Amino acid sequence: MKRIALITFVLLQINLFAQETSNNYSFSLEEAINYALENNYTAKNAAKDIEAAKKKKWETTTIGLPQINGNINYQNNLVIQKSVVPAEFFGGNPGEFREVEFGVKHNMVANATLSQLIFDGSYLVGLQSAKVYLQISENAKEKTDLQVREIVINSYGNVLLARESIAILEKNKSSLEKVYKETEEVYKNGLTEEENVEQLQITLSQIKSALSNAQKGEKIALDMLKLVLGIDIKENVILTDDLDKLASENISLTTDLDFSVTNTIDYKIGQNNEKASQLLLKLEKSKALPSLSANFNFGYNAFNNSFSFLNNDQQWFNFSNIGVGLNIPIFSSLGRTSRTQQAKIAYEQAKINLKETEQKLLLEFEKSKTDYEFSIEQYAISKENLRLAERIEYKQQVKFKEGLSSSFEYTEAQRQLYAAQQEHLQAMIDIINKKASLDKIINQK
């Protein structure tokens, strides 16, 4: 008895530990969107790109700020270079030469250089480019957030669609199993034909197969949602919204939207590309301008026939100099002109692309708006069709039980009901998805 109690205690502790180490997430659709914007893998990388762009902007800025560099050089002259001088300098005979060594065995130099860029057209353009690069990264993050939002809505809706399909199929299966058993009993009593039983059996098998497939699809859809949210697929996620509620909330009777192309993220990105091409043109033109820089150099050097630079009695000699450098481009065999013309063509192409983007966005908006309006119409139609299909199926079921209709007529009414159910579910998910697509175009968050 004690052994059983011990095993039970251990199992309970293991279960409690498993529950503590496992996270449970619960999301409404809006909560899921907000969570994904912070934790989605692509969104997190886009945020990192902005951080990198800020660092790049500062890196470009520092080019025009004072630069200080230190340098230490040690040289060991293994064989000192020799020269010859007239021997008569040292009391020798005229016409003769004597070898002499100029230099010492060891020498060391330590210096520091302060440099400052005074004027460079390329640097000024670089500062502007760094600012545009940051804007590009920020706009890319905004576009990523809009895409993540749409993907979360689609993924969330797919899970709800799969679960609604499962619920409907389970209900249909239960109802059909009841009719099938009743018909089988009637057949055993010789009051109906075997064909009626077989027809119902075929329909029941089809429903069971569809139910099994829907259950597998629901798991995959949920795992896909976890991936989009940035959650480990092993974690437990609970969805608190339902499909019908979301469809109703996304129905807007007023579709007169105030759409401005210039407010869309794709147009802003197109403007960034145009600005970048314009800056590239300015950069090529600036290369024809002179550049001016200055530097100040200060240091010490020492010489000795033995390595004694670390000794206190080693003599060091200081030196310093200041300089100004002016670089003037004169002639490049028309190379700069060619590069400038290429940049000008690229800038003109960017302006054409921006105009094309504007027209595409206007067309895309009209199409998305039409698709959304059509999804609302289809939702109303599918709702009415479902109501009619349910009435027809119920009437045919009553007639079939009373022997007033064949199994073919009854199963046909069932198929019509099942199709109407799926069409109604699809109409609900279409409203949600089409609204999300429209919101992405108009930058609705």
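Note: hydrogens, waters and symmetry copies are ignored here, and every other heavy atom, side chains too, is used. Source: prediction; values computed, not measured.
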How about [atom1] on [X], more than 12 heavy atoms from neighbouring residues, nucleotides or ligands closer than 6.0 Å, or not?
X	atom1	answer
Arg415	CZ	yes
Lys287	NZ	yes
Phe408	CZ	no

> Stepwise, does the side-chain hydrogen bond (donor to acceptor under 3.5 Å, both in side chains) test hold for Gln128 with Lys275?
Replying inline: CA-CA 10 Å; Gln128 294 175 305; Lys275 184 67 175 177; over 6 Å; no

Minimum-distance pair of heavy atoms, taken over all atoms of [X] and [Y]:
X	Y	answer
Gly157	Leu243	O-CD1, 4.3 Å
Lys434	Tyr372	CB-CA, 3.9 Å
Thr61	Leu65	O-CG, 3.7 Å
Ser252	Ile376	O-CD1, 3.7 Å
Asn39	Leu229	CB-O, 3.5 Å
Ser155	Leu225	CB-CD1, 3.8 Å

>> If the threshold is 4.0 Å, N to carboxylate O, is there a salt bridge linking Glu170 and Lys173?
In response: no

> How about Asn236 and Asn24: does a side-chain donor come under 3.5 Å of a side-chain acceptor?
Replying inline: yes

> Going by distance alone, is a donor N or O of one side chain under 3.5 Å from an acceptor N or O of the other, for Asn385 and Glu423?
Replying inline: no

>> When you compare the side chain of Asp242 with that of Lys245, does any pair of heavy atoms fall below 4.5 Å?
In response: yes

> For the atom pair CD1 (Ile269) and CD (Glu138), what is the distance rounded to the nearest 0.5 Å?
Replying inline: 12.0 Å

> Taking the six-membered ring for Trp, are the ring centroids of Phe319 and Tyr300 within less than 6.0 Å of each other?
Replying inline: no

>> Ring centres under 6.0 Å, that's the criterion: do Phe307 and Tyr74 meet it?
In response: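 They qualify: ring centres under 6.0 Å apart.
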
>> Main chain of Lys105, side chain of Asn305: is a donor-acceptor contact present, judged purely on distance under 3.5 Å?
In response: yes

> With respect to Ile432, which candidate in Ile153, Asn154, Leu160, Asn158 satisfies the side chain to side chain contact (heavy atoms under 4.5 Å, CB included) definition?
Replying inline: Ile153

